[in-house]
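Read the structure below first, then the notes.
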Amino acid sequence: MRLKLSHEESAKHTSIVTAVGFYKSSKQYELLSCGDDQAIWKWHVEGSCLGKLCQTDAFVVTMAVLPSGRGDNVFALGCADGTFRLMNENGREEKKVDAHRGAVICVKWSYDGAAIATAGEDGAVKVWSRSGMLRSTLTQMPQAIYSVVWSPDCEQLLFACSCKLHLKPIQAGQKQVEWKAHEGGVLQIDWSYVNNTILSGGEDCRYKIWDGYGRMLFTSAPMDHVITSLAWAPTGKHFAVGSFNVIKLCDRTGWSYCRETPSFGSIFSISWCSDGTQFACGCGSGQVVFASLADRHFSWHDTDVTLDENNVIMVQDISNETKEELDFRDRVTDMSLGYGALIVTTNTQCYIYQQNNWNTPHVEDLKEPPIMIVQCPFHFALVDASGIQIINYEGRTMSTIKFSGLKTEFLNHSTLSLCRDAICMIDSTSSKQIRVFDVSTGRPVGQPVKHKLDIVRISLNQQGSGADRSIAILDKNKDLYLTKAMVQGRTEKLGSMVDTFMWNDTTDMLIALIDEKLNVFLYPGVVFVDKDLLPKTLQLKPCNDAGKYAQIVAFYGSTCVIRKADGADLVHVTMPYAHLLYQHFEKGSWEQAVRLCRYIKSPELWATLAGMATHARALETVAIALAAIEEVDKVHFIAHIKNLPDDVLKSAEMALFCKRPEEALNILLQNKRIYRAIKMNIRLHRWTDALELGLKHQTHVDTVLAYRQRHLQQMNHVETNEQFKQWAAQVEVDWVTVKQKIAMEKEAEVRNAQGGA
């Protein structure tokens with residue numbers, strides 16, 4: 001990716017341009033620029049000047065545009081005389097507020113458009129209502145504050161004073177956080193509401209990326225001059241950095257796409273267009289420079305797609321050595337390539353191309369400009385300001401997801417995930433819970449999935465359906481968990497200190513980068529059937545070349561692509577035989593699966609087969625696979641299950657084998673196997689439950705007491721439970737009678753099984 005720069009031949013401003021800001025006027029975007037010549041100019045989105053809007057009576061230091069969709073276009077201007085002014089798009093001043101002693105250095109609207117934050121030379125940070133009424137003076141610092149920004153939830157303000165960053169809650173009485181960010185003064189900060197990461201630049205000529213808790217994610221090499229401006233793109237995928245005669249476009253992880261060197265002095269202000277395709281820069285020479293993103297590149301398997309500066313998409317199929325050109329009348333705002341389909345969006349239309357037919361796309365008209373595209377093998381999600389549309393690759397809308405509190409502008413590829421039958425997202429009102437929806441109806445599936453800590457990233461597996469649907473969860477402590485999406489079940493931990501993870505595109509394999517090692521979970525779903533097997537299904541590969549801040553960007557087939565912090569891609573190849581094993585698993589071809597494992601002789605593959613067969617209740621295969629990895633105790637238990645007379649008992653014992661005792665007891669009680677339920681409680685040493693069950697059904701009370709007494713004798717203990725003491729005095733225990741009753745129960749089970757057969 002690179003930048004295409006454009007500007008007027010002669011500068012309209014006669015002095016430095018201190019602030020620029022994009023806004024949406026009717027159906028198109030326009031730009032305002034303010035300078036030390038006290039003039040405000042209006043510009044077309046393509047870069048042509050539309051004329052002078054107005055002349056101010058003060059020097060404008062900073063400008064903030066009311067977020068799109070929050071009402072009429074209103075601009076807040078921070079001025080050198082200590083005032084900030086509210087101005088409409090016609091250039092009329094609606095209000096003037098005396099805010100600070102000395103210049104107002106920074107003005108920022110909250111993301112919901114309900115409040116304004118200002119900071120100035122007097123070291124004060126103040127919060128104002130939308131109409132300009134003072135709500136609170138948040139803090140008073142001994143030095144000037146050069147930049148301030150709202151947190152995504154609008155509950156905190158981050159401001160820069162000297163070399164530190166300060167995170168201050170709006171509500172009184174809450175703890176303030178501060179940390180040293182740069183060696184020199186911090187001049188610029190920005191906080192992306194999409195990816196919840198903080199960007200800072202300072203006098204030490206570096207820019208740095210932090211998470212929402214103040215932990216550093218990236219630090220740049222020192223540039224030649226101080227960082228004078230920076231800004232996140234609205235999509236959260238990249239950001240722009242400005243310095244003296246330098247503009248850099250960087251990936252959200254920090255590495256640089258390109259570096260442009262216009263000869264217009266320092267870049268004092270950067271403003272992105274809402275569609276994320278271009279930004280404008282205010283320069284020290286008085287020029288306003290427009291920078292458009294060109295040569296955006298996407299790859300999927302053997303297909304490469306590139307969008308050039310002339311709005312033409314080049315599609316290259318490497319395996320077939322073919323090329324296609326796709327021309328578009330309107331500016332392309334976003335693209336997504338995957339699963340044999342290319343999705344291209346403009347502000348008004350969506351084009352759906354199939355890999356086997358590039359000439360006749362499905363074209364859909366859009367009511368709102370799209371924010372994001374998320375694909376899966378069967379359909380894709382189109383996110384806009386009004387909601388989330390699920391559309392199949394034939395162009396038919398399957399459902400639309402809307403609910404109270406949905407904030408689509410906060411969604412990204414880490415917080416939204418899509419699969420065949422479900423779509424899930426991190427709740428924007430509570431980052432500790434996940435909402436799951438059915439893709440065919442758009443309705444919620446059960447209650448939200450709740451987690452103990454704030455969730456950073458989620459991802460749905462692509463294989464299977466229904467009860468097999470799983471969500472991988474990465475929380476703020478970098479712990480990786482697996483939970484069920486469609487049914488309320490337990491959450492199991494897969495690993496700690498996880499930097500990045502990704503599901504395979506066609507199987508249930510999950511790959512994660514942990515402590516400079518690639519951890520390939522061949523069958524992570526094994527945690528729900530036999531958690532002890534999880535370490536044995538794990539394949540480790542050293543990945544020392546990845547370094548810090550690396551991200552997994554693709555995992556298809558047996559190929560994993562890792563993008564390093566400098567933007568270079570590393571390709572790793574995982575075990576190819578796991579895919580063959582998954583094919584046999586899907587078809588139920590257990591004999592072929594066993595043959596494959598015997599041929600490969602891999603303990604990880606045997607453990608994976610044991611987990612798959614346990615999930616499918618293929619007991620013969622389970623026994624063979626467990627024997628191969630020397631799980632002798634489990635082989636004996638499986639042999640015990642195979643000898644049980646009917647399927648009810650086998651299902652209950654398998655649930656117990658999978659460490660789900662409550663489910664096992666429910667199976668027995670629902671099928672009125674009271675003795676077996678009592679005996680299972682005894683085996684689990686749930687003595688009180690066993691006794692209460694016997695009393696409730698008035699059977700086998702003496703059996704419970706007999707086993708209890710024998711247990712106490714073996715352990716050399718004395719009975720201390722008053723309930724057992726009471727019933728031991730009332731009920732006579734005779735082992736001969738107990739054994740006869742147990743034998744009668746087992747004979748009845750055999751008879752019923754034979755009669756049912």
Inset, instruction - Compute the centroid of each ring, for His717 and then for His711, and state whether the two points are separated by less than 6.0 Å. - result: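 No; His711 has its ring centre 6.0 Å or more from that of His717.
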Would the distance check show the side chain of [X] and the main-chain N or O of [Y] forming a donor-acceptor pair, the cut-off being under 3.5 Å?
{"X": "Arg457", "Y": "Phe501", "answer": "yes"}
{"X": "Ser430", "Y": "Asp427", "answer": "no"}
{"X": "Lys402", "Y": "Ile388", "answer": "no"}
{"X": "Gln551", "Y": "Val553", "answer": "no"}
{"X": "Gln389", "Y": "Ile401", "answer": "no"}
{"X": "Lys541", "Y": "Val573", "answer": "yes"}
{"X": "Thr574", "Y": "Ser558", "answer": "yes"}
{"X": "Asn643", "Y": "Ala639", "answer": "yes"}

Inset, instruction - Kindly assign one of parallel, tilted or perpendicular to the pair Phe637 and Phe657, based on the angle between their ring planes and the thresholds 30° and 60°. - result: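 Rings of Phe637 and Phe657: parallel, as their planes differ by under 30°.
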Inset, instruction - Return the orientation label for the Tyr556 and Trp300 ring planes: parallel under 30°, perpendicular over 60°, tilted otherwise. - result: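 Tilted, since the angle between the ring planes falls between 30° and 60°.
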Legend entry - His636 atom NE2, over 12 foreign heavy atoms within 6.0 Å: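 Incorrect, the count does not exceed 12.
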Inset, instruction - Go through the side-chain N and O atoms of Asp468 and Ser470 and say whether any donor and acceptor fall under 3.5 Å apart. - result: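 Asp468 vs Ser470: no donor-acceptor pair found between side chains.
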Legend entry - Pair Arg490 + Glu663: basic N to acidic O under 4.0 Å: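 Looking at Arg490 and Glu663, the cut-off is not met.
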Legend entry - Within residues 412-448 or reaching into it, pairs that qualify as ring pair (Phe, Tyr, Trp, His ring centres under 6.0 Å) - sequence neighbours excluded: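 Non-adjacent pairs meeting ring pair (Phe, Tyr, Trp, His ring centres under 6.0 Å): Phe403-Phe437.
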Inset, instruction - Take Tyr582 and His579, measure what ring-ring contact (aromatic ring centres under 6.0 Å, His included) needs, and give me the verdict at the end. - result: CA-CA 5 Å; Tyr582 270 99; His579 289 269; 7.3 Å; no
Legend entry - Pairs satisfying side chain to side chain donor-acceptor pair (under 3.5 Å), at least one member in residues 669-684, at least two apart: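 Non-adjacent pairs meeting side chain to side chain donor-acceptor pair (under 3.5 Å): Asp646-Arg673, Glu653-Arg683, Arg676-Glu749.
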